[in-house]
2 protein chains.
Amino acid sequence: MPVLVMKFGGTSVATLDRIRRAAKRVGVEVAKGYDVIVIVSAMSGKTNELVGWVNETSPMYDAREYDAVVSSGENVTAGLMALTLQEMDVPARSWQGWQVPVQTTSAHSAARIEDIPPANIMGKFAEGMKVAVVAGFQGVSPEGRITTLGRGGSDTTAVAFAAAFEAERCDIYTDVDGVYTTDPRVESKARKLDKISFEEMLELASLGAKVLQTRSVELAMRYKVKLRVLSSFEEQSDDAGTLVCDEEEIMESNVVAGVAFSREEAKMTLVSVADRPGIAALIFSALSDAGVNVDMIVQNISEEGRTDMTWSCPVDQVKRAEQAMADAKSSGVINYSELLADQEVAKVSVVGIGMRSHTGVAAKMFQVLSNEGINIQVITTSEIKISVLINRKYMELAVQALHDAFELDKAA
Amino acid sequence: MPVLVMKFGGTSVATLDRIRRAAKRVGVEVAKGYDVIVIVSAMSGKTNELVGWVNETSPMYDAREYDAVVSSGENVTAGLMALTLQEMDVPARSWQGWQVPVQTTSAHSAARIEDIPPANIMGKFAEGMKVAVVAGFQGVSPEGRITTLGRGGSDTTAVAFAAAFEAERCDIYTDVDGVYTTDPRVESKARKLDKISFEEMLELASLGAKVLQTRSVELAMRYKVKLRVLSSFEEQSDDAGTLVCDEEEIMESNVVAGVAFSREEAKMTLVSVADRPGIAALIFSALSDAGVNVDMIVQNISEEGRTDMTWSCPVDQVKRAEQAMADAKSSGVINYSELLADQEVAKVSVVGIGMRSHTGVAAKMFQVLSNEGINIQVITTSEIKISVLINRKYMELAVQALHDAFELDKAA
């Protein structure tokens, strides 16, 4: 029998009724002839409750105990889902991470899956079981302790199972019905994509389109797992949702696949830093050690041995960055005249694998923004993405203008 | 290091504050030089929530999935308790049933512990760990599935660990401060016992003194585990609570240890049954098959080949018993003229190992009741117990009169 992996997130299993609805979807796939592996998250809210208890008990907690506590939410859903399927006469049983076993590293709370031996579950499929319900987000370390993969880890669990079992597809059921050309709340003409490449999805995900955990997309790309994102709250046809796949499987596509944005950005500039080898390493090590997630980095042309260094980071990390730079200055590690922070910027990006073969995308993007009178403050580019920092008040306007200009409301 | 087992029930770990209070008690024992095994229940209310979800999902549930879901409550408490101890600088870690492993039968939801290999935990004690926090109530089957021991199973887990680790003592922390000569709500002069024998405790527990699960007392008696019952809500001295132990360790004791009672009893009489071999087996098999928990049984003197059969059972099982007898009559299995049910009776018992060597206890009991004008409806006796059924309205009076007459308010 071909194997299908289906993953249901926290909102899709938040109540017994929603578990029933998800189980019905599973039943439909079983009826088509699949052996199904269902990956479940904790009922929404449950993981936060457990995390809250751990934090209140022990702010500097032992991550091994954190994992033992926090993983229990998924175990509850797995058992309830198996029972629900049995009630529908679908032969099913639950598996906790250690029972499969999902073998991970010992990096508690951020473990990586090392292996998923398929023998146990395949043996049960051979005996007539139709659905293995697996608790997501968790595994077992070489020491026999329970591990978790970090928040959002159930997506990664699902993709890892799809790879290990050579599944035909990995369907991620969530509370949105697919991946859009941009956020429909900002641009009403935003269009759901039928297909998107792994590379584009990675750029969109890391830019704030919080549909799939980045790690799960990376893993899917490496093992060529066909990922489908679709809604658990709508009736589904066979081609529902968005398929995230290898670019070879996408026959025709727009040059630009989507417009991503991130609202809560800050631009910081360290003015008049000594321009000598290793200075960037000193600055960004200090920021990293302080827990600042630096995104874009731009270094100005050097003048008389001094330069300016500009970066962007989330707005709520500005204070931390200022403290780190002040400390580095007072301890003589770096020298600068001033640290500027503009907390009123947003990032807007256009993403598309078509850029590799089409020139002029950047020029067109800059022209569109110019036509709207929007000043570009910082530019960074990658092979399939161009990002700009602009004044936050123009963000919606920029997204709409770019969406229009690249005709994203029309399919390729 | 000597090993001590400490068990905390659901109300003793109901909140993070209560877990902290329990952890402090554990710290006191560690400071005395013990290696401690802590057995925890789920935070009170949690198991009922999980059981409710299972029942709503699947009324005729797969007990294997029930166990997988319901066992998660104890896992949460175990992790939180380990973290709390670590915060107090006590080296501790949590263990789930399968990690120890607590090997049980495959009788899901009512599994029996078969073995607890001490090697893993003893190894950690040797490395300097001071406290092993174990999730109670659960184990793992030979098939690698999670099992539970049935409600109240954490007491049994605690005693089984005490036996496997040859613990010096097994302390059961609960919401009462020990075992009393009778219920203080009925007799204000009720006195806490410092010691009680296993046999007496078994009779008291099965009679409704719901301090310890009966199975745990049986297990403690078999393996000669010293059990101490004490309150987790009071400051504790070394001789707090009640020690349940072998009768040889009780130097002096009253002839009668306590007066037990059970309020919700019914007396049923099957009138004019054919008195032939096997008739009792037919009647009580039918009642057992119908799920009626028969307690006392009395058969009257036979007259002209007919006899009356009387038994007691919980009031809420009367309807079920009547249906079972009606069915047995209509199918010709048994024959009788009438089935009487008195739903206004209570059972009062005096219990004490001293009865073995002292005569006259029964006579004294009957005289006391007679002096109060209380009519005895049914009598049964065992080696260390005398029970009577009386009209329910006299129950409190009977308990008080017997408590007085046997001078239970005074220590031996």
(message) At a 4.5 Å cut-off on heavy atoms, which part of A/E49 comes close to chain B: side chain, backbone, both, or neither?
(response) side chain
(message) Can you tell me how far apart OG (A/S72) and NZ (B/K46) are? Round to the nearest 0.5 Å.
(response) 9.5 Å
(message) So for A/I19, is it side chain, backbone, both, or neither that comes closer than 4.5 Å to the heavy atoms of chain B?
(response) neither
(request) Examine whether an atom of A/Q86 lies under 4.5 Å from a heavy atom of chain B, and if so say whether it belongs to the side chain, the backbone or both; otherwise answer neither. (result) side chain
(request) For A/R18, look at atom CZ and say whether over 12 heavy atoms of other residues, nucleotides or ligands are found less than 6.0 Å away. (result) yes
(message) Take a 6.0 Å sphere around CZ of B/R215 and say whether it holds more than 12 heavy atoms from other residues, nucleotides or ligands.
(response) yes
(request) Let me know if A/L83 has heavy atoms under 4.5 Å from chain B in its side chain, its backbone, both or neither. (result) both
(message) Minimum heavy-atom separation for B/I146 and A/Q99, please, with both atom names.
(response) N-NE2, 4.0 Å
(request) Grab the two heavy atoms, one from B/S94 and one from A/E65, that are nearest each other, plus how far apart they are. (result) OG-OE1, 2.6 Å
(message) Please find the pair of heavy atoms, one from A/M60 and one from B/E87, that lie closest to each other, and give the distance.
(response) N-OE2, 4.5 Å
(request) Work out which heavy atom in A/L80 is nearest to a heavy atom in B/T57; give both atom names and the distance. (result) O-CG2, 3.7 Å
(request) Could you tell me which portion of A/M43 (side chain, backbone, both or neither) has an atom closer than 4.5 angstrom to a non-hydrogen atom of chain B? (result) side chain
(request) Sort out for me which of A/N75, A/V133, A/V54 touches chain B most, counting heavy-atom pairs under 4.5 Å. (result) A/V54
Only distances under 3.5 Å count here; give the side-chain donor-acceptor pairs of residues 118-131 of chain B to other protein atoms, sequence neighbours excluded, each with its distance to 0.1 Å.
residue : atom : partner : partner atom : Å
B/N120  : ND2  : B/V100  : O            : 2.9
B/K130  : NZ   : B/D35   : OD1          : 3.0

(message) Does B/R20, at its CZ atom, have more than 12 non-hydrogen atoms belonging to other residues, nucleotides or ligands within less than 6.0 Å?
(response) yes
(message) Using 0.5 Å steps for rounding, measure from the OG atom of A/S58 to the CG atom of B/L85.
(response) 11.0 Å
(request) Assess whether side chain to side chain contact (heavy atoms under 4.5 Å, CB included) is satisfied between B/W98 and A/V140, documenting all intermediate values. (result) CA-CA 12 Å; B/W98 60 273; A/V140 62; 4.2 Å; yes
(request) Check whether any side-chain heavy atom of A/D62 sits under 4.5 Å from a side-chain heavy atom of B/R93, and report yes or no. (result) no
(message) With rounding to the nearest 0.5 angstrom, report the CH2 to OG1 distance, B/W53 to A/T84.
(response) 12.5 Å
